[in-house]
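One structure below.
These numbers come from a predicted model, not from an experiment. To find a chain, count down the sequence lines: A is the first, B the second, and so on, and within it residues start at 1.
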2 protein chains.
Amino acid sequence: MVHNHDLENILKINGFKITPTRLAILKVFSHDCEPINAEFIFKKLKKEKVNIVTIYRTLTSFENVGILKHVDLQKDSAYYELSGHHHHHIICTDCGMVEGFEVCDIDNLTDKVLKNSNKFNIITKHSLELFGLCKKCVIK
Amino acid sequence: MVHNHDLENILKINGFKITPTRLAILKVFSHDCEPINAEFIFKKLKKEKVNIVTIYRTLTSFENVGILKHVDLQKDSAYYELSGHHHHHIICTDCGMVEGFEVCDIDNLTDKVLKNSNKFNIITKHSLELFGLCKKCVIK
DNA sequence: ATGTCAAATGCAAATGATTTGCAATCAAAA
DNA sequence: TTTTGATTGCAAATCATTTGCATTTGACAT
C-alpha cells in the first residue's frame with residue numbers, strides 16, 4: 001500500500017510543488033502497474049475534474065525528471081509507467097493486453113553493438129517490446 | 001543498383017497494380033537505406049507531384065503485405081524501411097542520426113520470456129532500438 | 001498568520017500527423 | 001477497346017498533443 005506521504009516525497013525530491021492534481025496522478029500510477037495513457041488518467045480522475053492538458057503537462061514533467069518512463073506500445077497514444085524496476089512488455093496485437101517481463105540482457109547487447117559501431121559510443125536507453133497474440137486471442 | 005524491373009516485380013508479387021507513384025516510392029526506399037517518413041518521400045518526389053495522402057496510403061498498404069517495416073524511432077512521425085534483413089537501430093537523441101546493427105539474440109530472449117509467461121505463447125514481432133549520443137553530439 | 005511571486009492549472013485555440021469521403025482517373029483483364 | 005475495380009487527388013475531418021494567456025495556488029519570507 002502506498003501512502004500519501006510517499007507520493008509527496010517523490011514530488012519533493014524532484015523539486016515539484018505538492019498539489020492535489022499531482023498526487024492524484026501519482027496515485028493512479030501506483031495503483032495501476034501497467035502502462036497507462038493520458039486519457040486513462042483523465043477518466044480515472046473524472047470526479048477530481050482534472051483538465052487533460054494538466055495531465056499531459058504532468059506526464060511530460062514527470063518523465064523529464066525520471067519519475068515516469070515512456071513505454072512504446074505501438075498504440076495511438078503515449079503510455080507511461082512508474083520507472084521503478086527495469087522491465088519490458090509483451091503486447092497482444094489483437095486485444096492490447098500487456099504483460100511485463102524482466103529478462104533483458106541489454107548490457108551484453110550494448111557492448112557488442114558499440115564494439116562494432118564507429119558513430120556511437122554512448123547508449124543512454126533502449127526500447128525492447130515483444131508483440132504477439134495472447135492465449136485468448138490465439139483461439140479466436 | 002536496383003532496376004525498375006525488380007520494383008515492378010515486388011508490386012506484382014504482392015498483388016498491387018503497377019503505378020508510377022508506387023514505383024517512385026519504392027525507388028526512394030531502395031536508395032535510402034535508413035528509415036524514412038512520409039514527409040521525406042513527399043519532398044523527394046516534389047517533381048512528381050505525388051499527393052501526401054497517397055504516400056500515407058501506400059506506406060500503410062506496403063506495410064500490410066510486408067514490403068515495408070515500421071520502425072519505432074520515438075520521433076514525431078512514422079518511419080519505415082524495406083523489410084529485407086533483420087536489424088535494429090541506434091538513434092542519437094540529440095541530432096537524430098540513425099545507425100543500424102545486426103546483433104540480436106531475440107529467439108533466445110523470446111524462449112526465456114514465454115517460458116515464464118502464462119498469458120502468451122506466441123510472439124510475432126519485437127521492437128529493439130538503442131538510444132544514445134553519437135560521437136559528434138557527445139562533444140557538444 | 002499574511003503577503004509575495006513564481007509555479008501550476010484551466011480554458012480556448014492552434015498544431016501537426018494521419019485518416020476519410022468522394023469524385024475523377026487509370027491499370028489490367030476480358 | 002471496353003469494362004471495372006483499384007488508385008489517386010483534393011478537401012475536410014480526426015485525434016492526440018501543445019501553446020498562449022489569464023487565473024489560481026503552494027511555499028517561502030516577513
Side-chain angles (χ1 to χ4, degrees), chain A residues 4-5 7-28 35-65 67-80 96, chain B residues 4-5 7-28 35-65 67-80 96:
Chain A
N4 228 44
H5 169 262
L7 302 181
E8 291 189 7
N9 255 337
I10 295 178
L11 294 178
K12 252 181 221 163
I13 291 169
N14 289 286
F16 288 117
K17 288 185 178 173
I18 296 169
T19 70
T21 299
R22 285 181 175 148
L23 287 174
I25 293 177
L26 273 187
K27 194 170 291 181
V28 174
I36 56 181
N37 63 4
E39 197 61 33
F40 180 89
I41 299 169
F42 182 65
K43 282 174 186 156
K44 277 263 174 175
L45 300 182
K46 262 287 190 305
K47 286 192 294 282
E48 288 83 347
K49 288 231 203 68
V50 179
N51 194 297
I52 197 157
V53 172
T54 303
I55 296 176
Y56 278 112
R57 283 195 272 236
T58 306
L59 289 175
T60 303
S61 60
F62 281 5
E63 194 203 358
N64 286 340
V65 300
I67 295 176
L68 293 180
K69 203 165 107 54
H70 175 258
V71 183
D72 213 323
L73 303 184
Q74 299 193 192
K75 294 187 180 176
D76 45 2
S77 59
Y79 283 71
Y80 298 84
Chain B
N4 227 45
H5 169 262
L7 303 181
E8 291 189 6
N9 253 338
I10 294 177
L11 294 179
K12 249 181 226 163
I13 291 169
N14 289 286
F16 288 116
K17 289 186 178 173
I18 296 169
T19 70
T21 298
R22 285 180 176 150
L23 287 174
I25 293 177
L26 273 187
K27 194 170 292 180
V28 174
I36 56 182
N37 63 4
E39 197 62 31
F40 180 89
I41 300 169
F42 182 65
K43 282 175 186 156
K44 277 266 175 175
L45 300 181
K46 263 285 188 311
K47 287 191 295 281
E48 287 85 346
K49 290 232 203 64
V50 178
N51 194 297
I52 197 157
V53 173
T54 303
I55 296 176
Y56 277 112
R57 282 196 272 235
T58 306
L59 289 175
T60 303
S61 60
F62 281 5
E63 195 202 359
N64 285 339
V65 300
I67 296 176
L68 293 180
K69 205 166 105 56
H70 175 257
V71 183
D72 214 323
L73 303 185
Q74 298 193 194
K75 294 186 179 176
D76 45 3
S77 58
Y79 283 72
Y80 298 84

Original post:
Is the shortest heavy-atom distance from the side chain of Asn51(B) to the side chain of Tyr56(B) under 4.5 Å?
Top reply: no
Original post:
Looking at Phe62(B) versus Phe16(B), is the centre-to-centre ring distance below 6.0 Å?
Top reply: yes
Whole-Å gap separating [atom2] ([N]) and [atom1] ([X]):
{"X": "Phe42(B)", "N": "dG9(D)", "atom1": "CZ", "atom2": "C1'", "result": "12 Å"}
{"X": "Leu11(A)", "N": "dA7(C)", "atom1": "CG", "atom2": "P", "result": "16 Å"}
{"X": "Tyr56(B)", "N": "dT7(D)", "atom1": "OH", "atom2": "P", "result": "20 Å"}

The side chain of [X] is closest to which nucleotide in this list: [options]?
{"X": "Thr19(A)", "options": "dT8(D), dA17(C), dT9(C)", "answer": "dT9(C)"}
{"X": "Arg22(A)", "options": "dA16(D), dA8(C), dT8(D)", "answer": "dA8(C)"}
{"X": "Thr60(A)", "options": "dA27(C), dA27(D), dT18(D)", "answer": "dT18(D)"}
{"X": "Arg57(B)", "options": "dG9(D), dT18(C), dA28(C)", "answer": "dG9(D)"}
{"X": "Lys17(A)", "options": "dA12(C), dT7(D), dA6(C)", "answer": "dA6(C)"}
{"X": "Thr58(A)", "options": "dA11(D), dA27(D), dT9(C)", "answer": "dT9(C)"}

**OP:** Under 4.0 Å between any heavy atoms, over every strand shown, what does Lys49(A) touch: base, sugar-phosphate, or nothing? Just pick one.
**Re:** sugar-phosphate
**OP:** Please work out if Ile52(B) contacts a base, only the sugar-phosphate, or nothing of the nucleic acid, heavy-atom cut-off 4.0 Å.
**Re:** nothing
Original post:
How long is the span from the CG atom in Leu26(A) to the CD atom in Glu8(A), to the nearest 0.5 Å?
Top reply: 10.5 Å
**OP:** Ignoring backbone atoms, test whether Asn51(B) places a side-chain nitrogen or oxygen under 4.0 Å from the OP1 or OP2 oxygen of dT8(D).
**Re:** no
Subject >> Comparing Pro20(B) and Val53(A) on DNA chain C - which has the more 5′ nearest nucleotide >> reply: Val53(A)
